[in-house]
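One structure is given here, and the rest of the page talks about it.
Each chain gets a letter, A, B and so on, in the order the sequences are listed, and its residues count up from 1.
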Number of protein chains: 2
Amino acid sequence: MEAQTKIEISDAEWEVMRVTWTLGNVTSSQMAEIMAEKMGWKTATVKTLLGRLIKKGALRAEKHGRAFTYYPTVDEQPSMDEAVTTLFGHLCQMRVGQTLADLVGQLNLSQNDIANLQTVLAKKATTAPATVDCDCLPGETSC
Amino acid sequence: MEAQTKIEISDAEWEVMRVTWTLGNVTSSQMAEIMAEKMGWKTATVKTLLGRLIKKGALRAEKHGRAFTYYPTVDEQPSMDEAVTTLFGHLCQMRVGQTLADLVGQLNLSQNDIANLQTVLAKKATTAPATVDCDCLPGETSC
DNA sequence: TTATTTAGTCTACAATCGTAAACAACAAAT
DNA sequence: ATTTGTTGTTTACGATTGTAGACTAAATAA
């Protein structure tokens, strides 16, 4: 069966998905109103994005009376995880640690988030290597 | 003075930058050889990317004899930090913590990276809020 | 000096993106 | 029934991206 090719969500489309995920479902007029306020987009722009997301399979539309109601067909957390994992995969592996540290320094994390992270790190420390090599050049031992 | 507009580096261009950062400087033939092996790109493709990066101001070319030598004009770690920060800025703030935890679980971090992260987290814990709200909808208290 | 290799510049071209107007179809108001 | 408003569909259009061929100038080899 058509192994569902990776859905690519663009930046603008991502904003639409966020709203959909948060509300669970939306009508286009609702979305238009929200995006007008949040992004300053015209109604037509929102319609285009909804259409593209439907075509990509990230949203599903259900006809209710005259209008459609839109529902996300992909989950939020996995989508976020994937976007982040993909980005980190393109960075020099030797520097992801520092990058992560810089990032954590800037993010707004809750007490729970921090405790959670600490747990993950503690466990990870038990099997972590002494060093991680640069992987920016081809061939085995780059750098 | 022309406040240097944010340099946007595309995915393909990013691969070129990684090599440049790692080597410090490269000739186009060297880069072509590396990218042929690493990415399977034709020489012409590499030339295009080098040209675009020059135009964007991410690389600088110095003529040495017949050929140019290319040097990065932006630093690696700040560029990485920014790419990552930008991505996280587009995600639901309520979920960045979990996303980070999932990410850390997957990344290959060194003992040092982990220790470093733990330090940053410990400090952060002293001022972290109890919770972080969703910011996917406009208006103050979304969600 | 002429043919050949090499490195740089210009042109190409389809796909995706951001941004939106134009048009169509149907429901609601008059 | 006709006008008007709402919602969906089609078309547009320039910019960026990935991918690369073509052409050109300079250096080298024959």
Side-chain angles (χ1 to χ4, degrees), chain A residues 5-20 23 25-71 79 83 86-87 89-90, chain B residues 5-20 23 25-71 79 83 86-87 89-90:
Chain A
T5 312
K6 203 47 219 37
I7 297 178
E8 295 285 349
I9 298 174
S10 76
D11 286 351
E13 288 161 3
W14 189 267
E15 292 301 328
V16 171
M17 291 305 294
R18 287 179 65 178
V19 173
T20 312
L23 297 180
N25 66 81
V26 261
T27 59
S28 66
S29 53
Q30 221 182 332
M31 182 66 80
E33 197 180 329
I34 291 173
M35 297 320 257
E37 182 174 349
K38 193 178 159 191
M39 309 293 290
W41 290 342
K42 296 291 166 64
T43 300
T45 302
V46 174
K47 289 181 188 175
T48 298
L49 294 174
L50 285 172
R52 287 181 184 168
L53 285 166
I54 292 280
K55 181 176 305 174
K56 289 183 179 183
L59 290 182
R60 169 175 65 84
E62 224 174 65
K63 193 150 207 146
H64 284 142
R66 53 320 169 80
F68 283 116
T69 297
Y70 299 86
Y71 301 81
S79 296
T86 298
L87 174 59
H90 289 306
Chain B
T5 313
K6 202 48 218 38
I7 295 178
E8 294 288 348
I9 298 173
S10 77
D11 286 350
E13 288 161 2
W14 189 267
E15 292 302 329
V16 171
M17 290 306 294
R18 286 179 65 179
V19 173
T20 312
L23 297 181
N25 65 82
V26 262
T27 59
S28 66
S29 54
Q30 222 182 328
M31 182 66 78
E33 196 180 329
I34 291 174
M35 297 320 259
E37 182 174 350
K38 192 178 161 191
M39 308 293 291
W41 291 342
K42 296 290 166 63
T43 299
T45 302
V46 174
K47 288 181 188 175
T48 298
L49 295 174
L50 285 173
R52 287 181 184 168
L53 285 166
I54 291 280
K55 181 177 305 175
K56 289 183 178 183
L59 290 182
R60 169 176 63 86
E62 225 174 66
K63 194 150 206 145
H64 284 142
R66 54 322 172 77
F68 283 114
T69 297
Y70 299 85
Y71 301 81
S79 296
T86 297
L87 174 59
H90 289 306

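At a non-hydrogen distance threshold of 4.0 Å, Lys47(A), Arg52(A) from residues 44-52 of chain A come into contact with DNA chain D. Using a 4.0 Å cut-off on heavy atoms, the residues of residues 34-42 of chain A that approach DNA chain C are Trp41(A), Lys42(A), listed by number.
Among all heavy-atom pairs drawn from Val26(A) and Met31(A), the shortest one is CG2-CE, 3.6 Å. When all heavy atoms of Ile9(A) and Ala58(A) are compared, the closest pair comes out as CD1-CB, 4.4 Å. Here the closest non-hydrogen pair linking Leu87(B) and Ala83(A) is CD2-O, 3.7 Å. Here the shortest heavy-atom pairing between Gly57(B) and Ile7(B) reads O-CD1, 3.6 Å.
Between the axis at the start and the axis at the end of the helix from dT1(C)-dA30(D) to dT30(C)-dA1(D) there is an angle of 20°, using five pairs per end and rounding to 10 degrees.
For the pairing with His64(B), the side-chain contact (heavy atoms from CB on, under 4.5 Å) check across Thr69(B), Thr27(B), Asn25(B) returns one residue only, Thr69(B).
Residue Thr27(B) places none of its side-chain N or O atoms closer than 4.0 Å to OP1 or OP2 of dA7(C).
Considering only residues two or more places apart in sequence or on other chains, Glu13(A) meets the salt bridge (charged side-chain N to carboxylate O under 4.0 Å, His left out) condition with Lys56(A).
For the pair Lys6(A) and Glu8(A), the salt-bridge criterion is not met [side-chain N within less than 4.0 Å of a carboxylate O].
Atom P of nucleotide dG8(C) and atom NZ of Lys63(B) are separated by 7 Å, given to the nearest angstrom. dG8(C) atom C1' lies 16 Å from atom CG of Leu53(B), rounded to whole Å. Computed from coordinates, the Glu15(A) CD to dC17(C) P distance equals 15 Å when rounded to whole Å. Rounding to whole angstrom units, NZ of residue Lys6(A) and C1' of dT16(C) are separated by 15 Å. Lys55(A) places its NZ atom 12 Å from the P atom of dC17(C), with the value rounded to the nearest Å. What separates CZ of Arg66(A) from C1' of dA29(C) is a distance of 15 Å, to the nearest Å. Rounding to whole angstrom units, NE2 of residue His64(B) and C1' of dG8(C) are separated by 16 Å.
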Under 3.5 Å, sequence neighbours excluded: what are the donor-acceptor pairs made by side chains of residues 32-43 of chain B?
from, atom 1, to, atom 2, distance (Å)
Lys38(B), NZ, Cys136(A), O, 2.7
Lys38(B), NZ, Glu15(B), OE1, 3.1

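Taking 4.0 Å as the cutoff to heavy atoms of chain B, we find the contact window on DNA chain D bounded by dT17(D) to dA27(D).
Residues Phe68(B) and Ser28(B) have side chains not in contact (no heavy-atom distance under 4.5 Å, counting atoms from C-beta outward).
Two residues, Ser29(B) and Ser10(A), neighbour DNA chain C, and the one matched to the more 5' nucleotide by heavy-atom proximity is Ser29(B).
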